[in-house]
Amino acid sequence: NFPKCTSIGNSVFYNCTSLAGITLPDNVEEIGSSVFEKCENLLSITIPSKITEIPSYAFSGCSSLSEVNLNENIVEIAQWAFAGCTELEEIVLPSSLETIGDNVFKGCSKIESIEIPGTLGKLPNYVFADCTSLTSVSVGEGVVELGYRIFNGCTSLTSVSLPESLTKIDYSAFQNCESLETITIPASVTSIGSSAFYNCKKLASLYMKPIAPPTLEDARTLQVGSTNLLSIYVPTGSVDAYKTAQYWSSYAGAISGYEF
């Protein structure tokens, strides 16, 4: 306990493997990078209301951390902040959040669901990669871009809800999501990166709501392992446009019309 402390510097508790609990007082306004990194026995943390940023690597490698309470004033979570927190089962991202860094929850293998606030706008890379228990993702209205490999290796993912504000899905965004069977791409999407669904072995139905075919980075964009998608559903009036568009033509036999 630190009753008069307003700031805790970088790496202050780095690798304190015996630290199981700590209370941050309400007057703390700032914590430094790697402040609790590799505190392998830390069980829970509550972020006081005056703290608005979670710095890089702050709780990375806290492999026993099972409870994180973020306040409603957090505007930024920096890269790798909670990566490797393998006991963390739930995280509530506040609606105040404006920026999130690469790899923030990478390898948090017990998180089962996540709701991503639309205030984030662009989601960077590997944010939820290798979250192997993640089954459900809901991306809020206002998000315009999914970074590369953002859900790579989420092998239990079965439900994905994407907003109508989304315009870009970067390469390998859903690579190795081996349980994903169906996904709907919003009408607002204009580009999809290479290998976006590679090794999604169970993906059988892709519902494309855009009237104009989104730009595909290359012919591998819609490959699932070594085979093409079984069924691609597009707006009824856009079937010919999809079948003749660059790279979409490689999947012409799988494309059919659908009334959205």
Side-chain angles (χ1 to χ4, degrees), residues 47 54 66-77 81-83 85 88-193 196-197 200 202-210 214 233 258 260:
I47 306 300
I54 307 297
S66 61
E67 182 180 355
V68 174
N69 299 302
L70 301 176
N71 68 58
E72 290 295 327
N73 298 313
I74 298 288
V75 296
E76 179 178 359
I77 304 176
F82 295 98
C85 293
L88 187 61
E89 296 183 5
E90 181 182 11
I91 187 75
V92 177
L93 299 178
S95 58
S96 56
L97 195 60
E98 298 175 358
T99 304
I100 197 168
D102 294 347
N103 300 284
V104 165
F105 297 104
K106 187 178 190 294
C108 292
S109 54
K110 286 193 175 181
I111 292 179
E112 296 183 358
S113 65
I114 192 72
E115 294 186 7
I116 302 171
T119 50
L120 283 168
K122 294 183 179 181
L123 300 179
N125 313 317
Y126 293 94
V127 179
F128 298 99
D130 300 324
C131 290
T132 52
S133 295
L134 188 65
T135 62
S136 175
V137 170
S138 177
V139 183
E141 195 68 38
V143 171
V144 298
E145 182 177 329
L146 300 183
Y148 67 80
R149 300 192 176 185
I150 183 171
F151 298 110
N152 178 45
C154 294
T155 52
S156 300
L157 187 62
T158 58
S159 175
V160 178
S161 176
L162 301 175
E164 292 297 331
S165 55
L166 190 67
T167 61
K168 180 180 180 181
I169 299 173
D170 215 334
Y171 73 82
S172 298
F174 295 96
Q175 184 171 334
N176 298 317
C177 292
E178 298 176 357
S179 299
L180 190 63
E181 296 182 5
T182 182
I183 190 169
T184 298
I185 305 302
S188 51
V189 170
T190 58
S191 68
I192 304 175
F197 302 101
C200 293
K202 291 186 178 180
L203 189 59
S205 301
L206 176 67
Y207 292 88
M208 297 296 306
K209 296 176 78 173
Y233 300 100
Y258 187 85
F260 288 99

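Positions are given from 1, in the same order as the sequence printed here.
Legend: salt bridge (charged side-chain N to carboxylate O under 4.0 Å, His left out) pairs involving residues 89-100, not counting sequence neighbours: none detected. Every pair tested for salt bridge (charged side-chain N to carboxylate O under 4.0 Å, His left out) that includes a residue from residues 154-163 fails, sequence neighbours excluded, so the list is empty.
With values rounded to the nearest 0.5 angstrom, L146 atom CG is found 10.5 Å from I192 atom CD1. Rounded to the nearest 0.5 angstrom, I114 CD1 and C154 SG are separated by 10.5 Å. Atoms CG and OG1, on L203 and T182 in that order, are 7.0 Å from each other to the nearest 0.5 Å. With values rounded to the nearest 0.5 angstrom, L93 atom CG is found 10.5 Å from I74 atom CD1. Between atom CD1 of residue I150 and atom OG of residue S172 there is a gap of 12.5 Å, rounded to the nearest 0.5 Å. Taking OG1 of T158 as the start and CG of L134 as the end, the distance is 9.0 Å to the nearest 0.5 Å.
Summarising the geometry of P94 relative to P117, their closest heavy-atom pair is O-CG, 3.6 Å, with the distance given to 0.1 Å. Of all heavy-atom pairs spanning L70 and F82, the tightest one is CD2-CZ, 4.3 Å. Looking at every heavy atom in both residues, D170 comes nearest to G147 through CB-C, 3.6 Å. Residues P163 and V143 approach most closely at CG-O, 3.7 Å, considering heavy atoms. Of all heavy-atom pairs spanning E67 and N69, the tightest one is OE2-ND2, 3.2 Å. Closest non-hydrogen pair, S165 versus S188, comes out as C-OG, 3.6 Å.
Scanning for side-chain hydrogen bond (donor to acceptor under 3.5 Å, both in side chains) contacts around K209 gives E164, with sequence neighbours left out. Here K110 pairs with E87 under the salt bridge (charged side-chain N to carboxylate O under 4.0 Å, His left out) rule; sequence neighbours left out. Scored by the side chain to side chain contact (heavy atoms under 4.5 Å, CB included) test, Y258 finds Y207, Y233, F260 as partners (sequence neighbours excluded). Not counting sequence neighbours, the partners of S136 by the side chain to side chain contact (heavy atoms under 4.5 Å, CB included) test are S113, S159. Residues forming a side chain to side chain contact (heavy atoms under 4.5 Å, CB included) with S161 (at least two apart in sequence, or on another chain): S138. With sequence neighbours excluded, no residue forms a salt bridge (charged side-chain N to carboxylate O under 4.0 Å, His left out) with D102. Listed by chain and residue number, nothing satisfies the side-chain hydrogen bond (donor to acceptor under 3.5 Å, both in side chains) test with N73 (two or more places apart in sequence, or in another chain). Annotation: side-chain hydrogen bond (donor to acceptor under 3.5 Å, both in side chains) contacts of D130 (sequence neighbours excluded): K106. Listed by chain and residue number, nothing satisfies the side-chain hydrogen bond (donor to acceptor under 3.5 Å, both in side chains) test with N103 (two or more places apart in sequence, or in another chain). By the side chain to side chain contact (heavy atoms under 4.5 Å, CB included) test, E181 is found to be paired with K202, residues two or more places apart in sequence or in another chain being considered.
Side-chain contact check for L162 versus I183: some heavy-atom pair is nearer than 4.5 Å. Using a 4.5 Å cut-off on side-chain heavy atoms (C-beta onward), I116 and V127 make no contact. F128 places none of its side-chain heavy atoms less than 4.5 Å from the side chain of L123. V160 is not listed as a side-chain neighbour of F151, based on a closest heavy-atom distance of 4.5 Å or more. Here the side chains of L166 and V139 are not in contact, with every heavy-atom distance at 4.5 Å or above. Looking at heavy atoms from C-beta onward, P210 lies out of side-chain contact with T190 at the 4.5 angstrom threshold.
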